[in-house]
Amino acid sequence: MTDTLHRILQRVQKPARYVGGEYGQIIKKKEDTDVRVAFCFPDTYEIGMSNIGMRILYGVMNGMDGVWCERVFAPWADMEQELRQNEIPLFALESHDALSSFDMIAFTIGYEMSYSNILNMLELGGVPMLAKDRTGLENIVFAGGVCAVNPEPLADFIDFFSLGEGEDITKEILKCYRNAKRKGSSKEEFLLAVSKIEGVYVPSFYEHIYNEDGTISEIRPLNGAPKNVTKRIVENLDEAFFPAKGIVPSTEIVHDRSNLEIFRGCIRGCRFCQAGFCYRPVRAKSADRLCEQAIESLDDSGNSEITLASLSSSDYRPIGELADKLLTYCEPRKISLSLPSLRADNFSRDLMLKIQRVKKSSLTFAPEAGTQRLRDAINKNVTEEEILETCRTAFSGGWNSVKLYFMLGLPTETDEDVVGIAELVWKILKLYRETAPNQKRKLTINLATAYFVPKPFTPFQWEKQISPEEYLRRVHLLQDNLHTRAVDYRYHESDLSRLEAVIARGDRRLGKVLLEAHKRCVRLDGWDEYFNYNAWLDAFAAADVDPDFYTVRGFSDDEVLPWSTISVGVTERFFRQEREKAYRSEVTPDCRTKCAGCGARSLSEGGKCDE
């Protein structure tokens, strides 16, 4: 660490974000490596170190001979100011080398509002932001993560995208780069070679042609690029890399605990959920393998809590068996076991009693909609009776706090559906008064509503987003119908969700907007204290781009979507069928009840899905 860096760290919040040196970090000799990768997370240290995907790929890359992967996080505003004033480039934690000194720069992007941080990190690290300005084989910038399913807003900045799950494809990419580096290939030659890898999308190999009204008329492949690029998956999770021995942060992070990924994918098919479709098909780990990994992780990290992570934890078939195995180890050591993402239709008293044996945490459920008609329209596959029965089970077991999540602005939503949220909350409160064993303890209902964002690769990808004004009207309608102090109601701000929708559904013209926003010092948009909506509006105006074109306009049935080149395995035909069923409030059974023929089975060998 330089003397200058040592001095400025005394002037910033949480200097441990920037020093590295944690237990479990990987240090390699530079003379023993021929490919150096800066693995960038476009948010703060506390967020990035809580991301299990980043931990997995850090281990995968560093497990390769001759490859050294180091971590880079977005600095907080005070640290950015110090870096600029002292002319210190953004650096990696392991070596403290500048971002510009790396062969490859990889970003994992899971949230649209982190895009401004990507540009800022490149500039701070001394790396040209625009892909066309990086002409050599050094500083190759690539990206992956769930947001990569619509790569177009970042097409001007990212050399190529890695689609889907990264354990296998990342190794292939690095081997391809190593080969190009040894041969002395040009950047163009490397991009041609890497584009042959299944799951790699090179934006410069596709030409977007627009109609006069601004819609896309054609996406034309160039240089022999495939018409469609399909995501990659890992078939056998039991054999996939898991970071049981990982980095132990030197400062508190958001999820300061061990995370155990129990399965990927989701059987449910909620029509608003991008992750539920993008991570198909369903693949699960065995309970024995999970137990081994959990114990190894807890022993190595010293964590006092472990979370079973998935899109719907209670849908894991042997969840009871796994809980029993883990509690045998955790209970005598006072290690708590948490199960987020529980569903109201399969939450059992037996499971409830198990997870509260060490520490009782609050219960969280997401009915999403206030009436049965709308829950059926979004294919939530949960009834009011099941919601109330779940609450009855929890209240009788001693719980007096429940978190409920809903969305406002869902397709086909009416005022009756909005008021239905308040009516359901009232029924839950009444049920508590009838069933709670200790009436002296008051019930607390934490109610939250989000502004619905229609995302790519969902049945609602063509839908309009309601206007911010209409969203706030519905918020106030709900507030006016909540007649109890037992409810703590919070709602997402409309400005942020509107921008999220624009970027999620945007095309290549948003590149100009991102550059204009960067000029206006936009960054850290996911943090309330730094989000600057007016600066974004100025950026849209300067780039001559109308944000409403991507939100309240919606997409026509025959329109070429910006992400049409990408495939997540689920067919467009299936998405259209599900959209029509939504208009009829007709449900589709979950995958275990009946295969709906979404197409995701084609991604796995033999067309299998662990339903």
Side-chain angles (χ1 to χ4, degrees), residues 42-43 74 77 107 109 111-123 129-133 143 147-158 203 208-217 219 274 409 450-456 461-472 492-556 559-563:
D43 211 316
F107 283 93
I109 43 177
Y111 180 40
E112 291 84 0
M113 298 314 298
S114 68
Y115 286 15
S116 59
N117 292 339
I118 294 175
L119 274 63
N120 197 45
M121 291 173 74
L122 289 173
E123 185 194 51
M129 287 184 289
L130 291 169
K132 65 182 179 62
D133 294 335
C147 287
V149 296
N150 179 18
E152 302 311 328
L154 290 172
D156 290 343
F157 313 101
I158 306 297
H208 285 222
I209 302 168
Y210 293 87
N211 297 308
E212 290 186 4
D213 64 358
T215 58
I216 299 172
S217 65
I219 300 177
Q274 184 184 56
Y451 183 3
F452 170 66
V453 175
K455 289 287 184 82
Q461 63 183 349
W462 294 275
E463 297 295 330
K464 300 176 181 180
Q465 185 185 44
I466 62 172
S467 69
E469 295 78 15
E470 174 59 20
Y471 167 70
L472 291 175
H492 291 193
E493 294 297 330
S494 61
D495 297 347
L496 193 68
S497 295
R498 183 194 186 206
L499 282 176
E500 182 184 340
V502 173
I503 297 173
R505 296 153 61 88
D507 53 36
R508 294 189 175 186
R509 288 171 294 189
L510 289 190
K512 293 180 181 179
V513 178
L514 288 169
L515 279 176
E516 291 291 343
H518 178 73
K519 292 176 185 177
R520 290 160 175 75
C521 298
V522 166
R523 66 211 6 84
L524 297 171
D525 291 304
W527 299 84
D528 291 343
E529 52 265 60
Y530 291 108
F531 177 60
N532 188 339
Y533 186 57
N534 288 330
W536 273 105
L537 294 181
D538 290 343
F540 278 105
D544 194 24
V545 173
D546 180 6
D548 285 349
F549 182 83
Y550 305 99
T551 56
V552 297
R553 178 183 73 90
F555 294 104
S556 63
E559 188 171 334
V560 177
L561 302 175
W563 51 90

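Gln465 and Pro454 make their closest contact through CB-CD, 3.9 Å (heavy atoms, listed as atom of the first residue, atom of the second, distance). The two residues Ile109 and Ser114 make their nearest non-hydrogen contact at CG2-OG, 4.3 Å. Shown here for Pro153 and Ile503, the closest heavy-atom pair between the two residues is CG-O, 3.4 Å. Annotation for Ser494 and Leu472: closest pair OG-CD1, 4.2 Å, computed over non-hydrogen atoms. Heavy atoms only, all atoms of each residue included: Leu510 and Val502 are closest at CD1-O, 3.5 Å.
Using a 4.5 Å cut-off on side-chain heavy atoms (C-beta onward), Leu130 and Leu515 make contact. Gln461 has its side chain within reach of Trp563: a pair of non-hydrogen atoms, C-beta onward, lies under 4.5 Å apart. In this structure the side chain of Phe107 never reaches within 4.5 angstrom of the side chain of Leu154, judged on heavy atoms. Residues Phe549 and Thr215 meet the side-chain proximity criterion, which asks for heavy atoms closer than 4.5 Å. You'll find the side chain of Glu493 stays beyond 4.5 Å of the side chain of Phe531, heavy atoms only. Residues Tyr115 and Leu514 are in side-chain contact: their nearest non-hydrogen atoms beyond the backbone lie under 4.5 Å apart. No side-chain heavy atom of Pro562 sits under 4.5 Å from any side-chain heavy atom of Arg505.
We find that Lys455 and Glu500 are joined by a salt bridge, their nearest charged nitrogen and carboxylate oxygen being less than 4.0 Å apart. Salt bridge status for Asp548 with Arg498: present, with a side-chain N to carboxylate O gap under 4.0 Å. Under the 4.0 Å criterion applied to side-chain N and carboxylate O atoms, Arg520 and Glu516 are assigned as salt-bridge partners. Comment: Arg523 does not engage Glu123 in a salt bridge, judged by the lack of any side-chain N to carboxylate O separation of less than 4.0 angstrom.
Between the side chains of Trp536 and Asp525, at least one donor N or O lies within less than 3.5 Å of an accepting N or O.
Listed for the Asp507 side chain is no donor-acceptor partner under 3.5 Å among the backbone atoms of Glu152. Looking at Ser217, its side chain does come within 3.5 Å of a backbone N or O of Ile209 through a donor-acceptor pair.
Atom CG of Asp133 has more than 12 heavy atoms from other residues, nucleotides or ligands within 6.0 Å. A 6.0 Å sphere centred on CG of Asp544 holds no more than 12 heavy atoms belonging to other residues, nucleotides or ligands.
Relative ring orientation between Tyr471 and Tyr451 is described as parallel, the plane-to-plane angle staying below 30° on a 0-90° scale split at 30° and 60°.
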